[in-house]
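To start, the structure under review is shown below, and the notes come after it.
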There are 2 protein chains.
Amino acid sequence: MSYQAENAKVREAVLLAGDAVGDAIEHWGFRKALGRVWTSLYLSSEPLTANDLAKELKMSAGAVSMTLAELRRWGVVQRALRPGERREFFEAETDFWKMISRVFRERERALAVSCRDRLAQAAEMLEKAEKSRESRETHQRLRKLVALSQLALAILDTFIASQTADFSSIGKLLQFAPKRGAKS
Amino acid sequence: MSYQAENAKVREAVLLAGDAVGDAIEHWGFRKALGRVWTSLYLSSEPLTANDLAKELKMSAGAVSMTLAELRRWGVVQRALRPGERREFFEAETDFWKMISRVFRERERALAVSCRDRLAQAAEMLEKAEKSRESRETHQRLRKLVALSQLALAILDTFIASQTADFSSIGKLLQFAPKRGAKS
DNA sequence: ATGACATTTCAATAAATTCTGAAGACATTG
DNA sequence: CAATGTCTTCAGAATTTATTGAAATGTCAT
């Protein structure tokens with residue numbers, strides 16, 4: 001039996017933690033429910049069933065099923081098949097770095113690339129446009145936006161590549177970030 | 001007159017860029033409209049009126065007004081008062097770092113602190129709870145979550161403090177991030 | 001003060017997102 | 001293979017968020 005059999009204090013603490021994690025990952029574009037379910041699994045001393053989670057978190061069976069499916073797609077929750085058990089059990093991935101870097105690699109990076117590409121495309125359109133004074137200025141600023149998106153992508157890539165925990169390169173990269181006071 | 005008088009290519013490029021920026025900041029919890037309006041102002045060679053923006057971005061007067069108000073609250077758009085002009089003109093802040101660091105300072109930081117505090121509070125609740133084997137394990141994992149949130153906050157603070165463009169300290173901090181393969 | 005615009009506000013509406021609950025699929029056991 | 005318990009799916013409900021449009025407010029020139 002899970003910690004559901006434990007005293008109310010423990011359950012309350014787990015829910016509080018789940019809420020905190022839920023809010024945090026909501027800021028990263030995930031549904032809050034994902035954070036709550038992951039946290040309950042992560043903090044549980046043993047794998048839980050969908051039903052356990054539904055009761056603990058007061059979610060419908062459907063919501064739990066969909067949430068678990070999404071968590072599994074992200075590789076942050078695994079099935080924990082138990083011999084001799086009809087029901088499925090689930091457990092949380094515990095390697096934070098693995099989870100975080102995956103999201104950065106598959107999600108944040110795609111956004112950064114798409115943003116950079118579209119800005120670059122816009123800049124290219126201006127190359128071809130008639131070169132009035134105004135459009136020149138617009139073009140120059142657009143190039144700065146492209147450069148910023150490029151920098152963001154480079155930082156992201158450095159972070160992603162640093163799976164070996166050598167982060168020093170990020171420091172070097174950031175030296176080139178715009179300095180305070182340097183308006184243009 | 002603004003670049004609205006320019007040829008269609010320029011306007012199209014500005015809209016494309018605005019969309020890209022809008023999507024990017026949407027990921028940071030802002031409305032897409034904020035990114036589009038800011039981009040139009042930033043790329044314009046001169047300040048624009050609310051009306052210019054409404055026409056260019058096909059937004060209602062009300063939406064433009066609210067969006068400009070929010071952008072001004074974030075200090076990323078300023079009024080550009082023009083002597084002898086009835087209407088108000090607006091121009092974009094051009095210092096990226098100023099804008100980004102402000103958002104980190106006022107928004108991301110608040111989230112990180114709240115998350116850390118709530119996790120710490122949950123952990124504290126477990127200190128007091130009866131110490132069964134299960135709750136001990138839960139407690140241990142919860143402490144790891146607290147440590148992670150603490151690390152995230154430290155990175156954020158380092159980033160915010162690095163207004164002088166010395167980012168090397170971030171590299172040092174990150175040395176303590178969980179290493180790949182180090183499961184626990 | 002009045003008229004002519006410009007801007008803000010906000011209730012109503014629209015759009016987007018999330019959740020529920022029930023039907024059906026699937027698997028296991030007797 | 002029927003009965004039972006579990007899991008998934010998805011249309012509709014509920015909720016949240018964003019936008020509109022129009023009334024209210026403000027501003028300036030006459």
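Order of the sequence lines fixes the chain letters, A, B, ..., with proteins taken first and strands second; residue numbering starts at 1 for each chain. Quick caveat, the model's predicted, so the values are computed rather than measured.
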| Integer-rounded Å distance: D/dT6 P and A/Arg82 CZ | 15 Å
| said: Base, sugar-phosphate or nothing for A/Arg86? Non-hydrogen atoms, less than 4.0 Å. | reply: base
| note | Atom CE of A/Met66 and atom P of D/dT6 are separated, to the nearest Å, by 20 Å
| In whole angstrom, what separates B/Glu85's CD from C/dT7's C1'? | 15 Å
| task | Indicate whether OP1 or OP2 belonging to D/dT19 is found under 4.0 Å from a side-chain N or O atom of B/Arg31. | result | yes
| query | When the distance from CG of A/Leu81 to P of D/dT6 is rounded to whole Å, what number comes out? | reply | 15 Å
| field | Spacing of A/Phe30 atom CZ relative to C/dT18 atom P, expressed in whole Å | value | 12 Å
| Whether over 12 other heavy atoms sit under 6.0 Å from B/Arg136 CZ | no
| message | Once you apply a heavy-atom cut-off of 4.0 Å, does B/Arg36 come out as touching a base, just sugar-phosphate, or nothing? | response | nothing
| Taking the side chain of A/Arg72 as its heavy atoms from C-beta onward, which of D/dT8, C/dT8, C/dA6 lies nearest to it? | D/dT8
| task | Give the nucleotide from the list C/dT8, D/dT20, D/dT8 with an atom nearest to the side chain of B/Ser60. | result | D/dT20
| Whole angstrom value for the distance that separates C1' of C/dT9 from CZ of B/Arg73 | 13 Å
| request: Rounded off to whole Å, could you give me the CG-to-P distance for the B/Leu68 and C/dA6 pair? | output: 15 Å
| field | Flag side-chain contact, heavy atom, 4.5 Å: B/Glu46 against A/Glu134 | value | yes
| Near-ring test B/Phe104/B/Trp28, centroid separation under 6.0 angstrom | yes
| remark: Closest non-hydrogen atoms of A/Gln78 and A/Glu93, given as atom of the first, atom of the second and distance, are NE2-OE1, 3.3 Å
| message | Please pick, from D/dT20, C/dG21, C/dA6, the nucleotide with the shortest atom-to-atom distance to any side-chain atom of B/Arg87. | response | C/dA6
| task | Nearest whole angstrom, please: distance from the P of C/dT17 to the CG of A/Leu34. | result | 16 Å
| request: Using a cut-off of 6.0 Å, state whether more than 12 heavy atoms not belonging to A/Arg72 lie near its atom CZ. | output: yes
